[in-house]
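Heads up, the thing below is written out as structure tokens.
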Number of protein chains: 2
Amino acid sequence: MTPVPPAKDTRPVSIPSAREKFESYLAKKGLRVTKQRQAIFDAALAQKEHFTAEQLLDHARDIVERAGKRRDSISRATVYRTLPLMTESALLREVDIGSGEKFYLPNTQENIQLAQVVCLDCDRIFEISAPFMEWYGSTVSSKLGLSPVSQRLQVSARCNVFRDTASCPRRG
Amino acid sequence: MTPVPPAKDTRPVSIPSAREKFESYLAKKGLRVTKQRQAIFDAALAQKEHFTAEQLLDHARDIVERAGKRRDSISRATVYRTLPLMTESALLREVDIGSGEKFYLPNTQENIQLAQVVCLDCDRIFEISAPFMEWYGSTVSSKLGLSPVSQRLQVSARCNVFRDTASCPRRG
DNA sequence: CTGCCTGCAAACTCTTTGCACGAAT
DNA sequence: ATTCGTGCAAAGAGTTTGCAGGCAG
């Protein structure tokens with residue numbers, strides 16, 4: 001007699017919910033769920049660090065290639081057209097450190113106030129919780145008759161180890 | 001009868017010292033004091049609000065024109081080559097609000113921590129004192145083994161009056 | 001005179017867009 | 001069948017750069 005298989009855990013985990021969120025956002029806007037949007041979405045959500053549009057394109061092409069399709073079935077234009085959809089639906093956060101190109105990061109938790117510390121030696125971007133920012137932005141804005149929409153604190157800094165040893169531990 | 005006019009204040013203002021600072025910076029770097037650099041410097045220091053490279057070019061051309069010279073004796077390239085000199089010598093502050101083009105502002109006081117509040121309705125940039133930032137940047141950076149170089153807080157906000165009346169009091 | 005500075009225009013980077021074809025509903 | 005989405009390539013904005021001639025020191 002066959003053993004009873006363990007009950008399958010069907011509780012939704014966070015990955016499907018992000019995908020659901022994206023697809024429901026598309027539906028709400030009357031937009032279609034295409035192979036390209038799915039691949040770009042998967043590529044974006046798989047990122048652990050900040051990434052650029054170009055890196056996202058490359059990663060999305062890896063994904064479709066692994067699925068047996070041509071790399072050029074994802075185009076740069078589509079990446080640029082999809083990025084706003086993912087930031088508007090709060091799946092990604094856009095981080096502009098004033099370096100010419102924009103960076104993106106999966107938005108794992110909502111309503112969190114974050115600051116960026118950019119290392120001038122290794123170009124790495126660190127995300128730091130900055131809970132006071134919201135209060136500060138509100139205080140300052142209301143004095144001007146404005147309502148804050150978003151705020152960001154960016155710190156540029158140099159690496160102490162690099163200063164002392166001329167080599168950054170985070171890149172060698 | 002005519003009222004007595006108030007005594008004219010002849011105390012030296014900050015303008016001469018700023019020019020000295022710029023020229024001594026040039027000297028220290030072994031750079032030459034040219035007509036173009038002087039005009040661009042004058043144009044920059046005369047600004048009361050944030051300005052772009054293009055606006056600076058225009059204003060610098062006004063200055064040389066008033067001095068009887070051709071507008072095209074100042075070129076866009078020279079403006080772009082002079083701006084870094086003025087920011088490195090701390091005469092200007094660079095403000096990047098992530099809108100594609102960079103803004104600049106005469107750096108009247110040094111070592112002041114400022115935040116920018118950008119109104120999304122009228123595109124105006126307000127500079128707000130944010131003294132707590134330095135402490136915060138230091139605290140956060142040191143945890144990462146970094147030393148803060150600069151920091152900026154940027155708040156994007158919407159105008160309450162514009163929201164209610166569909167017209168921004170600051171632009172009509 | 002020497003070599004930095006300049007204007008010009010082309011190049012560059014990142015991003016956006018017009019168009020005709022292709023695919024999702 | 002419609003209508004939206006796509007790739008391509010060109011356009012666009014802002015900034016940088018190579019070059020030959022010009023001017024400061």
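Note on naming: letters A, B, ... go to the chains in the order of the sequence lines (proteins, then strands), and numbering restarts at 1 for each one. Every value quoted in this text rests on a predicted model; they were computed, and no experiment measured them.
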*asked:* Please tell me if A:Y80 has a side-chain N or O lying less than 4.0 Å from either OP1 or OP2 of C:dT16.
replied: no

Rounded to the nearest 0.5 Å, the CD atom of B:E94 sits from the CG atom of B:L105 at a distance of 12.0 Å

Q. Taking only N and O in the side chain of B:T34, is any of them less than 4.0 Å away from OP1 or OP2 of C:dT6?
A. yes

Nearest-nucleotide check on DNA chain C, B:R76 vs A:A77; residue mapping nearer the 5' end is B:R76

Please determine whether side chain to side chain donor-acceptor pair (under 3.5 Å) holds for the pair A:Y25 and A:E88, giving the CA-CA distance in whole Å, both sets of side-chain angles, and the decisive distance to 0.1 Å.
CA-CA 9 Å; A:Y25 176 82; A:E88 284 157 22; 2.8 Å; yes

Taken to the nearest whole Å, NZ/B:K29 to C1'/D:dA24 is 20 Å

Whole-Å distance, A:F103 CZ to C:dT15 C1', equals 15 Å

- Message: So, under a plain 3.5 Å distance rule, would you say the side chain of B:R81 forms a donor-acceptor pair with the base of C:dG7?
- Response: yes

Using OP1 and OP2 only, check whether a side-chain N or O of B:Q36 sits under 4.0 Å from C:dG7.
yes

Practice item. Using only side-chain N and O atoms of B:R37, determine if any of them is under 4.0 Å from OP1 or OP2 of C:dT6. Key: yes

Assert: residue with more 5' nearest nucleotide on DNA chain C, out of B:L31 and B:D72, is B:L31

When rounded to whole Å, the CD to C1' distance for the pair B:Q55 and D:dA13 reads 15 Å

#### Entry: Verdict with supporting geometry, A:Q116 and A:H50, side chain to side chain donor-acceptor pair (under 3.5 Å)
CA-CA 11 Å; A:Q116 285 87 43; A:H50 296 78; 5.6 Å; no

From NZ of B:K102 across to P of D:dA13 the rounded distance in Å is 19 Å

A:L83 atom CG is separated from C:dT15 atom P, nearest whole Å, by 9 Å

Ranking B:R32 and B:P84 by the position along DNA chain D of their nearest nucleotide, the one closer to 5' is B:P84

Between CG of B:L57 and P of C:dC8 the distance, given in whole Å, is 11 Å

B:D96 CG to C:dC14 P, in whole Å, measures 15 Å

Students often get this wrong, so: under 4.0 angstrom with heavy atoms, is B:T52 touching a base, only sugar-phosphate, or nothing? nothing

Taking C:dT15, C:dT25, C:dG7 as options, the one with an atom nearest any side-chain atom of A:V33 is C:dT25

When rounded to whole Å, the CZ to P distance for the pair B:R70 and C:dC8 reads 8 Å

Side chain of B:N107, backbone of B:A90: donor and acceptor closer than 3.5 Å? yes

Is it the case that the side chain of B:Q55 and the backbone of B:T52 share a donor-acceptor pair, with hydrogens and angles ignored and the cut-off at 3.5 Å? yes

